[in-house]
Student: 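The structure under discussion is supplied below as structure tokens; questions concerning it will follow.
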Amino acid sequence: MNAEHTSRPGFLAIELDGAGWDGADLTRAVLAAESAGFHAATFTDAPAPGRANALQRAAFAGPISRTIALVPEIDTVYTEPFHVSTQLASLDYVSGGRAGWIATAAEAPEAAAAVGRSSVTGAALGQEAAASIEVSRRLWDSWEDDAVIRDVATGRYIDVDKLHYVDFQTPAGFPGAGYSVKGPSIIPRPLQGQLPVLAPASLIGGIPVDALDAVLVSAPTPELLAAEVRDVRARVGAGVAVVAELDVVLDARGQAAAARGASFDGGRAAFAGSAPGLTDFLADLLKEADGVRLHPASLFVDLEELGRWVLPELRRRGALRPVVQDGTFRDLLGLDRPASRYATAAAAPAGAGK
């Protein structure tokens, strides 16, 4: 993001099935969020019986939606980096360039046991995440943009000189079992070149700032959230978007927010109150943050209020950027499409590969 974030309208994302997931129909949820004017929808990967994983749900949403960015959470510790990379590239194709990735890394003894490895804790989580992100970024670049030639006369589908080995090796001192990835990818370069990568601010340090396009910022209370955003922005600089996290329960359907009995356990700031009160709060918060991700207490109850009252008023005030038709997630974040780091052209633009 550029340094003029305070004068540029912000964007809103909504978590479709986190703590407030009602088991609701995914099609209805995605279309309701898009119709309400949200810029991005995120999908948590917390286990739930009978539910597809976050990336599968995002892929399902791709063909049925048109403008909303689709951003699944995907673990970087107990998943194979090569497969994560190719599946995200596929998501970018089915969504028409609207895909992103929230890279997560958390202590998960059960996940470790399921894949037969020791549990990762502490600072090692960030190192695991950094390695996984680097593998994906290299693999996304391993096909040049014009590698697919479909040359009927010569019977060649691809120009093999425009596919490249990535030759990744975990660095010395890597906390887990070291691994290597040769490449190239098995999927052509994503439509965006590089999918935007987001991560919780808690992983900064383990993950280099220049590996990220956005960070997710939490705080214990709404009153502390803007200050935390400013602190994180000072650490990451102007080139990384800062997205605030906020749980939301609104007065709705004749019930006061306090009477709805919402329970949040995500450790995030929580707003409970009226739609006008939330509108004022978000208008002020978006003066500090590039975007805000909302976690509704009850997806459809709160989404109805958000779409009817909050987003229209924020747009009227000029606090929200317009929804871009046929745009990409990189467009939303103000990011140029980068050249492949392996491109055989004489010179690649600065910042190629991110």
Side-chain angles (χ1 to χ4, degrees), residues 1-15 33 36-42 67-73 97-104 133 192 194-204 207-219 222 224-248 268-269 271 278-295 306 310-311 313-324 327-338 351 354:
M1 302 296 297
N2 59 55
E4 299 178 352
H5 67 275
T6 53
S7 60
R8 185 185 182 196
F11 65 88
L12 287 182
I14 185 167
E15 169 55 51
F38 280 94
H39 299 86
T42 65
T67 61
I68 196 166
L70 305 170
V71 192
E73 295 182 3
R98 292 178 284 121
W101 174 22
I102 298 175
T104 60
I133 291 169
Q192 297 181 90
Q194 290 278 325
L195 277 68
V197 179
L198 301 77
S202 59
L203 293 176
I204 296 173
I207 303 175
V209 170
D210 62 5
L212 297 173
D213 300 296
V215 291
L216 302 169
V217 178
S218 298
L224 296 174
L225 190 52
E228 188 67 20
V229 167
R230 289 191 293 271
D231 178 70
V232 171
R233 189 179 296 285
R235 293 160 58 194
V236 302
V240 177
V242 178
V243 182
E245 299 266 53
L246 184 67
D247 289 338
V248 172
R268 293 177 293 265
F271 178 93
L278 177 62
T279 303
D280 292 339
F281 179 80
L282 290 176
D284 288 338
L285 184 58
L286 287 168
K287 295 175 183 176
E288 305 289 348
D290 297 290
V292 180
R293 177 166 70 147
L294 302 180
H295 298 256
L306 291 165
V310 178
L311 273 75
E313 177 60 18
L314 286 172
R315 284 205 162 81
R316 190 191 68 79
R317 298 184 191 186
L320 289 184
R321 61 194 66 172
V323 173
V324 180
T328 69
F329 191 25
R330 293 188 72 89
D331 293 336
L332 176 65
L333 295 176
L335 300 170
D336 294 331
R337 188 181 189 280
K354 178 181 172 185

Student: Under 4.0 Å between a Lys/Arg side-chain N and an Asp/Glu carboxylate O for Arg268 and Glu228?
Tutor: no
Student: side-chain hydrogen bond (donor to acceptor under 3.5 Å, both in side chains) with Thr279: which residues, sequence neighbours excluded?
Tutor: none
Student: Between Leu320 and Leu286, does a side-chain contact (heavy atoms from CB on, under 4.5 Å) hold up when you go through it step by step?
Tutor: CA-CA 8 Å; Leu320 289 184; Leu286 287 168; 3.8 Å; yes
Student: Would you please name every residue forming a side-chain contact (heavy atoms from CB on, under 4.5 Å) with Arg230, sequence neighbours left out?
Tutor: Ala226, Ala227, Glu288
Student: Only counting residues at least two apart or in another chain, list the ones meeting side-chain contact (heavy atoms from CB on, under 4.5 Å) with Ala103.
Tutor: Thr76, Trp101, Ile133, Val197
Student: Between the main-chain N or O of Leu246 and the side-chain N or O of His295, is there a donor-acceptor pair closer than 3.5 Å?
Tutor: no
Student: On a heavy-atom basis, which atom in Leu212 and which in Ala199 lie closest, and how many Å separate them?
Tutor: CD2-CB, 3.7 Å
Student: Look up atom OG in Ser218 and atom CG in Asp247, then write down how far apart they are to the nearest 0.5 Å.
Tutor: 8.5 Å
Student: List the residues meeting side-chain contact (heavy atoms from CB on, under 4.5 Å) with Val324, not counting sequence neighbours, and say none if there are none.
Tutor: none
Student: Show the nearest heavy-atom pair for residues Gly100 and Phe329, with the distance to one decimal.
Tutor: CA-CD2, 3.7 Å
Student: Considering non-hydrogen atoms only, spot the tightest contact between Gln194 and Arg330 and give its length.
Tutor: O-NH1, 2.9 Å
Student: Apply side-chain contact (heavy atoms from CB on, under 4.5 Å) to Leu278 and Leu306, showing your working.
Tutor: CA-CA 9 Å; Leu278 177 62; Leu306 291 165; 3.6 Å; yes
Student: So which atom in Gln192 and which in Pro196 form the shortest heavy-atom distance, rounded to 0.1 Å?
Tutor: OE1-CD, 3.6 Å
Student: Can you give me the closest heavy-atom contact between Ile204 and Val232, atom names plus distance?
Tutor: CD1-CG1, 4.3 Å
Student: Is a donor from one side chain sitting under 3.5 angstrom from an acceptor on the other, for Glu73 and Thr104?
Tutor: no
Student: Drop me the distance from Leu294's CG to Leu282's CG, to the nearest 0.5 angstrom.
Tutor: 6.0 Å
Student: Just to verify, what does Asp280 make a salt bridge (charged side-chain N to carboxylate O under 4.0 Å, His left out) with, not counting sequence neighbours?
Tutor: Arg317
Student: Under the side-chain contact (heavy atoms from CB on, under 4.5 Å) test, which residues partner Asp331, sequence neighbours left out?
Tutor: Thr328
Student: Is a salt bridge present between Asp290 and Arg8, judged by a nitrogen-to-oxygen distance below 4.0 Å?
Tutor: no
Student: Taking it one step at a time, do Val217 and Glu245 satisfy side-chain contact (heavy atoms from CB on, under 4.5 Å)?
Tutor: CA-CA 6 Å; Val217 178; Glu245 299 266 53; 5.9 Å; no
Student: With rounding to the nearest 0.5 Å, note down the distance linking CG in Leu203 to CG in Leu198.
Tutor: 12.0 Å
Student: Does any N or O in the side chain of Arg293 come within less than 3.5 Å of the main-chain N or O of Ile14, such that one atom is a donor and the other an acceptor?
Tutor: no
Student: Without swapping roles, check the side chain of Arg321 against the backbone of Leu332 for a donor-acceptor pair under 3.5 Å.
Tutor: yes
Student: So Val248 and Glu15, side-chain contact (heavy atoms from CB on, under 4.5 Å) or not? Walk me through it.
Tutor: CA-CA 11 Å; Val248 172; Glu15 169 55 51; over 6 Å; no
Student: Provide the closest heavy-atom pair for Phe11 versus Val243 in the form atom of the first, atom of the second, distance.
Tutor: CZ-CG2, 3.8 Å
